[in-house]
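Note: hydrogens, waters and symmetry copies are ignored here, and every other heavy atom, side chains too, is used. None of these values were measured; they are calculated from a predicted model.
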Amino acid sequence: MPRKHFELNSDIAKLIDKYNEINDTDFNELVNKALRFYLVNQMSYKDVQDALKEADVETSRYVDEAMRSSMGDINCNY
């Protein structure tokens with residue numbers, strides 16, 4: 001997979017430093033999980049399904065869980 005370059009703003013860098021103090025997490029793993037969570041919650045269910053048609057079982061399970069939890073958030077907003 002191609003590498004992407006980005007720059008962290010100072011607030012995000014501080015949050016990551018604090019998170020790493022609390023949890024022993026690989027930075028790449030953290031970024032991938034955070035981006036996946038954000039993108040799945042920003043995209044429609046159909047778009048997520050189309051993008052991950054040939055995804056592995058773990059990714060499919062994660063997408064289903066994320067979509068169910070985001071629907072709960074939608075129902076709570078009045």
Side-chain angles (χ1 to χ4, degrees):
M1 171 162 282
R3 294 188 177 262
K4 304 285 185 188
H5 175 77
F6 65 95
E7 293 184 28
L8 300 174
N9 67 35
S10 61
D11 288 343
I12 298 299
K14 289 176 188 175
L15 289 170
I16 290 171
D17 290 344
K18 184 62 176 179
Y19 185 84
N20 282 334
E21 283 180 27
I22 299 168
N23 304 289
D24 184 29
T25 305
D26 176 62
F27 180 72
N28 290 325
E29 182 181 342
L30 174 63
V31 170
N32 282 294
K33 283 183 177 182
L35 285 172
R36 183 184 317 156
F37 179 79
Y38 178 81
L39 293 171
V40 164
N41 284 299
Q42 295 299 311
M43 296 169 67
S44 72
Y45 184 74
K46 180 163 179 15
D47 289 338
V48 172
Q49 279 187 321
D50 288 346
L52 300 176
K53 275 185 181 177
E54 300 192 19
D56 59 21
V57 173
E58 179 183 347
T59 301
S60 298
R61 182 175 49 82
Y62 176 83
V63 170
D64 288 340
E65 290 172 7
M67 292 305 290
R68 278 194 292 274
S69 69
S70 67
M71 291 305 290
D73 294 341
I74 290 170
N75 293 332
C76 292
N77 294 333
Y78 293 59

Self-check item: Matching residue for Tyr19 among Ile16, Asn23, Leu15 - test: side-chain contact (heavy atoms from CB on, under 4.5 Å)
Solution: Asn23

Quiz item: Rounded to the nearest 0.5 Å, how far apart are CZ of Phe27 and CG of Asn32?
Solution: 9.5 Å

Quiz prompt | Cluster overlap Phe6 with Leu39, hydrophobic side-chain contacts below 4.5 Å | solution = no

Quiz item: Would a hydrophobic clustering, with Ile, Leu, Val, Met, Phe, Trp and Tyr connected at side-chain separations under 4.5 Å, put Tyr38 with Val31?
Solution: no

Quiz item: Taking Asp47 for the side chain and Met43 for the main chain, is one N or O donor matched with an acceptor at less than 3.5 Å?
Solution: no

Quiz item: Atom CD1 in Ile22, atom CG in Asp17: separation rounded to 0.5 Å?
Solution: 11.5 Å

Practice problem: Mark yes or no for whether Asn9, through its side chain, and Asp11, through its backbone, hold a donor-acceptor pair below 3.5 Å. | Solution: yes

Quiz prompt | Approximate separation, where rounding is to 0.5 Å, of Lys33 NZ and Asp26 CG | solution = 10.0 Å

Quiz prompt | Nearest non-hydrogen partners of Asn41 and Phe37, listed with the distance | solution = ND2-O, 2.8 Å

